[in-house]
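These notes concern the structure reproduced below.
Side-chain atoms are counted along with the backbone in the values below, which use heavy atoms only and exclude waters and symmetry mates. Bear in mind that the values here come from a model prediction, so they are computed numbers and not experimental data.
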Amino acid sequence: SSGINAEYGIAGEGQIDEKGALKASNFVQICQQTAIPMVFVQGSVSTGYTRELASLMRSVAMATVPKITLITGQTSGHAYLAMNGQGLQPDLCFHWPGASISCTDHVTGPSHVTDAWECASNMVCDDVILPSETREVLRLSLLAAGAFSSDHLRRGHNSVLKF
């Protein structure tokens, strides 16, 4: 089994919001406690930085279970980082061909946009995969992650689930 954490916001707005970030943070903590590998699916721009987004980032950073990131569209800002972006050291990271990463928030001004191919050439992602290959690539990645799942207890933290 695996935990899928997709960043598509509420009502199809395409942005992670405060309520979604808090819910995702709790979900990450549950996956950590039950030793379930996680897949993060990103494809929207950030709406800014909030306390709830910081909580999500902290939960992802502390999680020691295998974490895989899939970027399907344009992603930017703090939401990119919080959803297991490069700074949080995903175990595997895949991009669709049309995916891109923006270094700063779209609200704060101009930024450098890096497309999927540039990310792959700079080793920001492990591979650029076609949407039609996604299911099989994630399946194989999760199988590989499962082979190392007992290692997650030795890798670091003991997170506490808060109710």
Side-chain angles (χ1 to χ4, degrees), residues 2-9 12-17 20-21 23-25 27-28 31-32 36-50 52-149 151-152 155-156:
S2 62
I4 309 287
N5 204 338
E7 173 199 51
Y8 291 107
E13 295 172 356
Q15 298 176 343
I16 193 166
D17 56 15
K23 185 176 178 179
S25 177
F27 181 71
V28 168
C31 288
Q32 170 64 22
I36 296 174
M38 292 181 283
V39 176
F40 294 84
V41 181
Q42 312 189 31
S44 64
V45 294
S46 175
T47 58
Y49 189 75
T50 65
E52 291 79 11
L53 205 54
S55 175
L56 172 58
M57 194 177 305
R58 183 175 46 254
S59 295
V60 173
M62 291 185 67
T64 58
V65 296
K67 298 176 285 191
I68 300 168
T69 300
L70 171 66
I71 299 179
T72 61
Q74 179 184 353
T75 186
S76 68
H78 298 102
Y80 162 69
L81 293 173
M83 289 286 290
N84 201 35
Q86 180 65 22
L88 296 179
Q89 300 175 342
D91 293 296
L92 291 167
C93 182
F94 303 105
H95 289 210
W96 282 0
S100 64
I101 299 172
S102 177
C103 295
T104 61
D105 229 295
H106 74 286
V107 176
T108 61
S111 62
H112 177 70
V113 176
T114 306
D115 68 13
W117 304 107
E118 188 176 347
C119 286
S121 69
N122 291 325
M123 294 187 286
V124 172
C125 74
D126 295 298
D127 200 2
V128 178
I129 61 173
L130 296 174
S132 61
E133 300 171 330
T134 302
R135 184 180 299 239
E136 182 66 9
V137 168
L138 290 179
R139 184 184 74 78
L140 292 172
S141 299
L142 288 167
L143 282 174
F148 298 101
S149 64
D151 184 48
H152 97 279
R155 284 176 35 187

- Item | Gap between atom CD1 of I36 and atom CZ of F27 - 0.5 Å precision | 7.0 Å
- Item | Beyond-backbone contact of T134 with I129, side-chain heavy atoms, under 4.5 angstrom | yes
- Message: To check you understand the geometry: which heavy-atom pair defines the closest contact between V65 and C31, and what is its length?
- Response: CG1-O, 4.0 Å
- Which atom of W96 lies closest to which atom of A116, heavy atoms considered: O-CB, 3.3 Å
- Query: How far apart are the closest heavy atoms of P90 and G85, and which atoms are they?
  - Reply: CD-O, 3.4 Å
- Query: Is there side-chain contact between M57 and L88, with heavy atoms separated by less than 4.5 Å?
  - Reply: yes
- Output the distance between atom NZ (K67) and atom CD (Q89), rounded to the nearest 0.5 Å. 8.0 Å
- Note: I68 and S141 closest approach over all heavy atoms is CD1-CB, 3.5 Å
- Item | Least distance between heavy atoms, M123 atom then Q86 atom | O-NE2, 4.5 Å
- Give a yes-or-no answer on whether the side chains of S102 and S76 include a donor-acceptor pair shorter than 3.5 Å. no
- Side chains of M38 and V28: closer than 4.5 Å at any heavy-atom pair? yes
- Rounded to the nearest 0.5 Å, what separation is found between the CG atom of N84 and the CG atom of N5? 9.5 Å
- Residue that, paired with C93, satisfies side chain to side chain contact (heavy atoms under 4.5 Å, CB included) out of L70, D126, V124, D127: D126
- Message: Minimum heavy-atom separation for L130 and P97, please, with both atom names.
- Response: CD2-CG, 3.9 Å
- First locate atom CG of L142, then atom CD1 of I4, and finally report the distance between them rounded to the nearest 0.5 Å. 6.5 Å
- Task: Could you tell me the separation between the CZ atom of R58 and the OG atom of S25, rounded to the nearest 0.5 Å?
- Result: 7.0 Å
- Taking atom NE2 of H95 and atom CD of Q42, what is their separation to the nearest 0.5 Å? 8.0 Å
- Item | Heavy-atom side-chain contact between I101 and C119 under 4.5 Å | yes
